[in-house]
Novice: 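The structure under discussion is supplied below as structure tokens; questions concerning it will follow.
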Protein chains: 2
Amino acid sequence: MSIIFSKSCEYGLQAALYLARQPKDSPAHLREIATDLNIPYHFLNKVLQTLTRDRIVVSRKGANGGFALARSPKEIRLMDIVRAVDGQSSLDGCVLGFPACGDETPCPVHGQWKSAKGVILDMLEKKTLAELGKGLDGKLEFIAQSMIEAAEK
Amino acid sequence: MSIIFSKSCEYGLQAALYLARQPKDSPAHLREIATDLNIPYHFLNKVLQTLTRDRIVVSRKGANGGFALARSPKEIRLMDIVRAVDGQSSLDGCVLGFPACGDETPCPVHGQWKSAKGVILDMLEKKTLAELGKGLDGKLEFIAQSMIEAAEK
DNA sequence: CCCAATTCAGAGAATTTTGTCTTTGAAAAG
DNA sequence: CTTTTCAAAGACAAAATTCTCTGAATTGGG
Ligand code: SF4
Ligand code: SF4
């Protein structure tokens, strides 16, 4: 389970990463993505519709249709997906959430909280799907591995 | 809204902080806490029952009863409250949540994710209610301020 | 060109989880 | 006893997640 994101968002991130690792010019089918990543088919359908509307992925109907990234993985930040699926507001909150608080009237965890949040936002902001995909090549295939182990359970 | 915790947990943290700032030997009433912090009475009731069962707060019934911390604010970590209310499992998750992953088969954000999570867990682990309460004294009263501004809206 | 098969699009129903409220009971104080 | 206040079960509501079903675009084969 994700600590921070909704399931929609989690699935969106997974699917996008899946697409980033897909060979060029061969769109992936919804059915295939869903079973490989172990995501409910129709829920993923909805999430991908959102990503398509937001021009993060493109879809084609009919035979040899499917889903593919709309632009280079280098140009898609994790943040883009989060914003598309969960909305910006999902990142604005706080751990404690006192009624009125902020930099002017901070509670005593405010400093640590901001730094933790900084690390997370930085990650989402800076990491692209391309970088996500890198670091795997040469080593064992992360997703494939996941699938195998998931199937074993 | 809290990014990480359920509302129960958020309310639990707020209530605990409220109790920490309460003068010694004068338990606070559920009704009072709920209205001051703007938390639904009966929901807070449930949360405080949980904290009581977990011996983080103690309750007394009847006239001049109420709730108070079970031990010194110095000895209650934020983590204790989170675990009591949301359970340990609420802290075990990940942002991406691939089917099979971990330190052995990490995905490429794993490093950054662990560090972000480290900051958060560290905060929950190390900060006590006492430290939370400090940093406020002398300055404007954080909670009071919150209440005033909340009432204005 | 037309048809059948394939695959995404979308509305909306059903389910599950989470958050809130209602009601009754039990303990403590005076 | 009577009042005050917490304890607890469970009804109810709202939100998140999952499923059902119908429609529309595309392709390739007659
Ligand atoms: S002051 Fe900062 S850390 Fe504290 S509740 Fe407000 S936003 Fe959160
Ligand atoms: S490898 Fe680490 S960061 Fe990646 S999905 Fe798994 S737990 Fe999360």
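Residue numbering restarts at 1 for every chain, and letters A, B, ... go by the order of the sequence lines.
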Novice: Starting at atom CG of A/L51, determine the distance to atom P of C/dG10, rounded to an integer number of angstrom.
Specialist: 13 Å
Novice: OP1 or OP2 of C/dT7 sitting under 4.0 Å from any side-chain N/O of A/H29?
Specialist: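 Answer yes for this pair, as a side-chain N or O of A/H29 is under 4.0 Å from OP1 or OP2.
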Novice: Among D/dA11, D/dC19, C/dG10, which nucleotide has an atom closest to any side-chain atom of A/P40?
Specialist: D/dC19
Novice: Could you give the CZ-to-P distance, from B/F5 to C/dT17, as a whole number of Å?
Specialist: 21 Å
Novice: By nearest heavy atom, map A/N45 and B/Y41 onto DNA chain D; which one lands nearer the 5' end?
Specialist: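 Checking each residue's closest nucleotide, the 5'-ward one belongs to B/Y41.
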Novice: Kindly give the heavy-atom pair with the smallest separation between B/V82 and B/S90, and that separation in Å.
Specialist: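 Looks like CG1-OG, 4.2 Å.
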Novice: By the definition side-chain contact (heavy atoms from CB on, under 4.5 Å), identify the one residue from A/L19, A/L17, A/I56 that meets it with A/I76.
Specialist: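 Answer after filtering A/L19, A/L17, A/I56: A/I56.
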Novice: Shortest non-hydrogen contact from B/A28 to B/Q22?
Specialist: CB-NE2, 3.8 Å
Novice: Would you say A/R71 has more than 12 foreign heavy atoms packed within less than 6.0 Å of its CZ?
Specialist: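 For A/R71, atom CZ is crowded (more than 12 foreign heavy atoms under 6.0 Å).
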Novice: Can you figure out which of C/dA9, D/dT17, C/dG19 approaches the side chain of A/F67 most closely?
Specialist: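 The answer is C/dA9.
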Novice: Can you see if the side chain of A/R60 gets near the phosphate of D/dT27 - specifically, an N or O under 4.0 Å from OP1 or OP2?
Specialist: yes
Novice: C/dT20, C/dA9, D/dA7: which one has an atom nearest the side-chain heavy atoms of B/T52?
Specialist: D/dA7
Novice: Rounded to the nearest Å, what distance is computed from the CD1 atom of residue A/I39 to the P atom of nucleotide D/dC19?
Specialist: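 Between P of D/dC19 and CD1 of A/I39: 12 Å.
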Novice: Return the value, rounded to whole Å, for the distance between atom CG of A/L44 and atom C1' of C/dC8.
Specialist: 12 Å
Novice: For A/R53 and A/G65, take the nucleotide of DNA chain C holding the closest heavy atom to each; which residue's nucleotide lies nearer the 5' end?
Specialist: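 In this pair, the answer is A/G65.
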Novice: Test salt bridge (Lys or Arg N to Asp or Glu O under 4.0 Å) on A/D36 and A/R31 and set out the steps.
Specialist: CA-CA 8 Å; A/D36 281 4; A/R31 189 169 13 79; over 6 Å; no
Novice: Out of D/dT17, D/dA8, C/dA28, which nucleotide sits closest to the side chain of B/K61?
Specialist: C/dA28
Novice: Can a side chain N or O of B/Y11 be found less than 4.0 Å away from OP1 or OP2 on C/dT20?
Specialist: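 So the side-chain polar atoms of B/Y11 do come within 4.0 Å of the phosphate oxygens OP1 or OP2 of C/dT20, strictly under.
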Novice: Give the rounded distance in Å between these two atoms: CG of A/L30 and P of C/dG10.
Specialist: 14 Å
Novice: Side chain of B/S59 only, please: which of D/dT18, D/dA7, C/dC8 is the nearest?
Specialist: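 Nearest to the side chain of B/S59 among the choices is D/dA7.
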Novice: Looking at B/K117 and B/G93, would you say the former's side chain and the latter's main chain have a donor-acceptor pair under 3.5 Å?
Specialist: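 Yes.
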Novice: Measure from CZ on B/F43 to P on D/dA7 and round the result to the nearest Å.
Specialist: 16 Å
Novice: Nearest nucleotide by nearest heavy atom, which residue falls closer to the 5' end of DNA chain C, A/G62 or A/H42?
Specialist: A/G62
Novice: Below the 4.0 Å mark, does D/dG28 have OP1 or OP2 next to a side-chain nitrogen or oxygen of A/N64?
Specialist: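 For A/N64, the contact criterion (side-chain N or O under 4.0 Å from OP1 or OP2 of D/dG28) is met.
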Novice: Within this structure, what is the CD1-to-P distance between A/I33 and C/dT7, rounded to whole angstrom?
Specialist: 12 Å
Novice: To the side chain of A/K46, which of C/dC8, D/dT17, D/dC19 is closest?
Specialist: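 Closest nucleotide among those given: D/dC19.
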Novice: So which nucleotide from C/dT7, C/dT20, C/dG10 ends up closest to the side chain of A/R31?
Specialist: C/dT7
Novice: Provide, to the nearest angstrom, the distance between the NZ atom belonging to A/K7 and the P atom belonging to C/dT16.
Specialist: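 Between P of C/dT16 and NZ of A/K7: 14 Å.
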